[in-house]
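Computed from a predicted structure; not experimentally measured. Every chain is numbered from 1, with letters handed out A, B, ... down the list of sequences.
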Number of protein chains: 2
Amino acid sequence: MGEKSTRERIVDAADRLFYERGYEPTSFADIANAVEISRGNFYHHFKSKDDILHAVIELRLEKTRGMLEAWERQGARPEERIRSFIRILITNEALIRQYGCPVGTLCTELAKLGHASRAEASALFTLFRTWLRRQFELLGHEADADPLALHVLARSQGVAVLFNAFGDPCFVRQEVDQICTWLSSLAARPRRSRKSQERPSST
Amino acid sequence: MGEKSTRERIVDAADRLFYERGYEPTSFADIANAVEISRGNFYHHFKSKDDILHAVIELRLEKTRGMLEAWERQGARPEERIRSFIRILITNEALIRQYGCPVGTLCTELAKLGHASRAEASALFTLFRTWLRRQFELLGHEADADPLALHVLARSQGVAVLFNAFGDPCFVRQEVDQICTWLSSLAARPRRSRKSQERPSST
DNA sequence: GTCTATAGATTGATAGAC
DNA sequence: GTCTATCAATCTATAGAC
């Protein structure tokens with residue numbers, strides 16, 4: 001029951017190492033070392049390194065779906081749910097500071113490599129995008145739900161990149177507070193969707 | 001005069017390849033191929049791959065300083081100058097779509113590698129940060145100039161990451177317009193720095 | 001299912017002729 | 001200053017014994 005198969009242990013280790021060091025710089029030797037199996041044993045479970053990456057992305061997609069569903073159950077109102085998303089920046093502070101956002105950094109790396117799994121990795125972003133869009137629709141912003149979802153995604157990505165570069169936790173809290181304030185004001189005056197401009201609207 | 005030294009040609013090629021493919025995945029063979037010299041010839045000009053990276057970052061720092069100075073000369077008002085920064089997202093649209101932001105992606109990669117030049121790369125961000133801070137000070141936002149600078153940096157980084165992942169130019173324009181609108185409203189009501197909250201302020 | 005042994009290519013880096 | 005030749009290490013991947 002609590003036992004994990006070798007295959008699962010490989011994917012777990014690869015998941016961690018691909019995040020911490022990146023896909024390309026992580027070798028089979030690194031993963032084998034972490035799992036404590038021999039390099040040769042790999043190819044019984046996966047036929048190539050790309051194959052492991054595929055499995056890692058599948059795992060991340062599954063975990064993300066679970067997390068989004070949990071937020072959906074826990075947050076009574078959509079505003080609270082979106083806040084759960086924004087607060088990952090603080091929940092995972094230590095990891096993001098060291099390694100950045102797992103989704104953003106993987107997409108960035110695979111794009112540069114021209115890797116075939118690039119689209120699969122972007123699907124992780126799409127998962128968040130679709131979920132956020134639905135929350136904004138529930139908030140009464142049907143007309144601009146998708147731009148709003150992308151806006152929130154972009155804000156969090158930007159914070160993650162700069163936090164990773166500068167390592168200043170105060171900056172993260174400032175930005176998170178600000179996004180939450182903006183979100184509250186959005187939730188306070190919903191359903192005014194004329195034709196355009198029910199968007200982040202700035203100021 | 002128009003002739004470039006071999007050393008310069010190596011740094012130029014490495015600059016491009018480190019951006020397009022990343023630092024780690026770029027081999028000496030790749031650079032040698034681009035410059036059309038032999039691999040052995042490298043070590044007459046640089047003593048290691050890290051040494052080339054160092055030179056590349058120096059070059060980027062120099063180019064960035066030049067760009068910032070040019071914006072300072074061209075833009076009469078600080079608001080226009082900041083707009084010049086934000087509009088890189090559109091000016092360099094094709095490149096960012098394919099390879100992301102050169103600064104953000106390099107910092108991210110070096111952070112994961114635990115590379116010694118990580119701090120040098122972050123200095124590229126600092127260059128923008130300091131420059132933006134000064135523009136906000138000139139706008140009358142002395143008290144919050146640094147948070148405002150970081151905010152603009154983060155926004156642009158977020159847009160770059162998502163644009164690289166999704167490839168949708170409409171999204172970029174939406175966000176750029178929005179940031180510009182926010183900037184105008186900031187420029188319209190300056191110098192009200194009480195104690196806090198002359199910050200992006202959202203909504 | 002796990003191992004050892006190894007192939008075959010590529011990596012960063014060096015030595016020495018020209 | 002540029003080249004060829006080469007080193008030792010590492011890479012992904014395979015073959016085959018147990």
Problem set entry | Residue pairs passing the ring pair (Phe, Tyr, Trp, His ring centres under 6.0 Å) test where at least one lies in residues 72-103 of chain B, sequence neighbours excluded | B:Tyr19-B:Tyr99, B:Phe85-B:Phe128
For this session: Would you list the pairs meeting ring pair (Phe, Tyr, Trp, His ring centres under 6.0 Å) in which at least one residue belongs to residues 44-68 of chain B, sequence neighbours left out?
Result: none
Exercise. Taking only residues two or more places apart in sequence or in another chain, which ones pass ring pair (Phe, Tyr, Trp, His ring centres under 6.0 Å) with A:His115?
Worked result: A:Tyr23
Exercise. With B:Phe42, which residues qualify under ring pair (Phe, Tyr, Trp, His ring centres under 6.0 Å), at least two apart?
Worked result: B:Phe28
Exercise. Listed by chain and number, what are the side-chain hydrogen bond (donor to acceptor under 3.5 Å, both in side chains) partners of B:Arg21, not counting sequence neighbours?
Worked result: B:Asp30
For this session: Do nucleotides 2-15 of chain D as a string where each nucleotide becomes B, S or -: B if the base has a protein heavy atom under 4.0 Å, S if just the sugar-phosphate does, - if no protein is that close.
Result: BBB------SSBB-
